[in-house]
Amino acid sequence: SEKHTYANRLRGTEKNVWVEFTKLASEPGVLNLGQGFPDFKAPEHVVCSLQKAISSDNQFIHQYTRPFGHPRLVKALSKVYSPLLKREIDPMTEVLVSVGAYGSLFCTIQGMVNPGDEVIIIEPFFDCYEPMVRTAGGTPVFVPLRPSKTGVISSSGDWKLDAAELESKFSQKTKLLILNTPNNPLGKVFTLPELEMVANLCKKYDVVCVSDEVYEWMTYPGHQHVKIATLPGMWERTVTIGSAGKTFSVTGWKLGWSVAPEHLLVGPKLVHQNCVYTCPTPIQEAVAEGLELEESRRGSPECYFTSLSLELLPKRDQLAKVLEGLGMHPVVPEGGYFMMADISQMKADCPGDGSNEPKDFRFVKWMIKEKKLAGIPPSAFYCAEHKNMGENYIRFCFIKEDSTLEKAGEILKKWAAES
Ligand SMILES: Cc1ncc(COP(=O)(O)O)c(CNOCC(=O)O)c1O
């Protein structure tokens, strides 16, 4: 009966690009350059840490642990982030561990947004930001990064915010601004001047910055990740979010965290204690050990915080070369492990405009079915009014085996030859 339908606050959040495209990409024989996870083994030492945690003779490893974060983990997070945030992070009051960065985002948005509050979202954005804001009763306000050049190979750094346009989105109702650097799907690493522009507006309009930094360790030569919380006057108004899944390439572990001043974690902790209460103890123990090891060897070539981006660099450059060779003008990322490519040259007789789906959705569905190659349609990372900004692109993930990327290149080359 009507009484048994789903809650009204969920209206409009029915479509989810991951639910739709992971299903399509899981069809037999499809080469998956879609969702962001590696198709190679996780780092050996991290897997060993979990095996050790599971077989530990400390029987409490299999029981509830501290609600806001397993003591060993929050201490390890404080050791890793104190130097990066240039201040002593209190593990007991300034860290909240959650179910992935998704969980951190959910607890932060649900914990801080009142009905009618506005939340500025910079496009293209990681799609969950919009439904999380809307289900909290908030009003998302979108501002796009605009490419300074198209139709040629470019860099994610060529996509910029217009200062006046950005400021025009702020109002007395603005509660949060969600920043994602390195950005998904572009791979843009926000520069210090760009972060100063964002920081100055957050201070001017008294706005809290939610800084999604899950790709913080993945920047390429010449590009430094800057934590906006380290800018003057920003620590007290920033929630910095990280992900064990992305840090250690174990996206199935679903563990994330928020690092922020105590007063900004009050709401998120209230949400957390009543929806998840605490995260898996064995996973937290393993991530703690992983962080301790990386911290102990930071700066050395074995440190995973640096070795992963060195492993990804040739993959990025090789994929960019193949795409450019086919006239798919890649947007070469400065960070992260996704690459946007221009699909306007590619011939695809995908179903006509009958369906009200954006062109890239139809294109990618056709490509998966006819070419057995999966990507993600970037219009999913834009608001309804701005879908056209994403529909001439496709997002490819390149944290994949070289053989996977080579096979993808073969499929694309063959296709381009027919186009
Ligand atoms: C910017 C951003 N924030 C948060 C998250 C979520 O992180 P976690 O997996 O730790 O919940 C992700 C994970 N994205 O993976 C899907 C994809 O883009 O292919 C992310 O990209």
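Each ligand, and each atom within it, is numbered from 1 in the order the structure gives.
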Contacts table for residues 257-268: side-chain donor-acceptor under 3.5 angstrom, sequence neighbours left out:
| residue | atom | partner | partner atom | Å |
| --- | --- | --- | --- | --- |
| Trp257 | NE1 | Tyr81 | OH | 3.1 |
| His263 | NE2 | Glu236 | O | 3.2 |

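- Using bins of under 30°, 30° to 60° and over 60° for the plane-to-plane angle, the ring pair Tyr277/Tyr64 lands in the perpendicular bin.
- Using a 4.0 Å cut-off between charged side-chain N and carboxylate O, Glu20 and Lys365 make a salt bridge.
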Between ligand 1 and the protein, tabulate every N or O atom pair separated by less than 3.5 Å, reporting distance only.
| residue | atom | partner | partner atom | Å |
| --- | --- | --- | --- | --- |
| ligand 1 | 3 (N) | Asp212 | OD1 | 3.4 |
| ligand 1 | 3 (N) | Asp212 | OD2 | 2.6 |
| ligand 1 | 10 (O) | Ala101 | N | 2.9 |
| ligand 1 | 10 (O) | Ser243 | OG | 2.7 |
| ligand 1 | 11 (O) | Ala101 | N | 3.0 |
| ligand 1 | 11 (O) | Tyr102 | N | 3.0 |
| ligand 1 | 11 (O) | Lys254 | NZ | 2.7 |
| ligand 1 | 15 (O) | Lys246 | NZ | 3.2 |
| ligand 1 | 18 (O) | Asn184 | ND2 | 2.8 |
| ligand 1 | 18 (O) | Arg395 | NH1 | 2.9 |
| ligand 1 | 19 (O) | Gly36 | N | 2.5 |
| ligand 1 | 19 (O) | Arg395 | NH2 | 2.8 |
| ligand 1 | 21 (O) | Asn184 | ND2 | 2.8 |
| ligand 1 | 21 (O) | Tyr215 | OH | 2.6 |

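- For NZ of Lys79, the number of neighbouring non-hydrogen atoms (other residues, nucleotides, ligands) closer than 6.0 Å is 12 at most.
- Because its NZ or CZ atom is both nearer than 6.0 Å to the ring centre of Phe68 and within 45° of the ring axis, Lys269 counts as a cation-pi partner of that residue.
- Asp360 has no carboxylate O lying under 4.0 Å from a charged side-chain N of Lys387, or vice versa, which leaves the two without a salt bridge.
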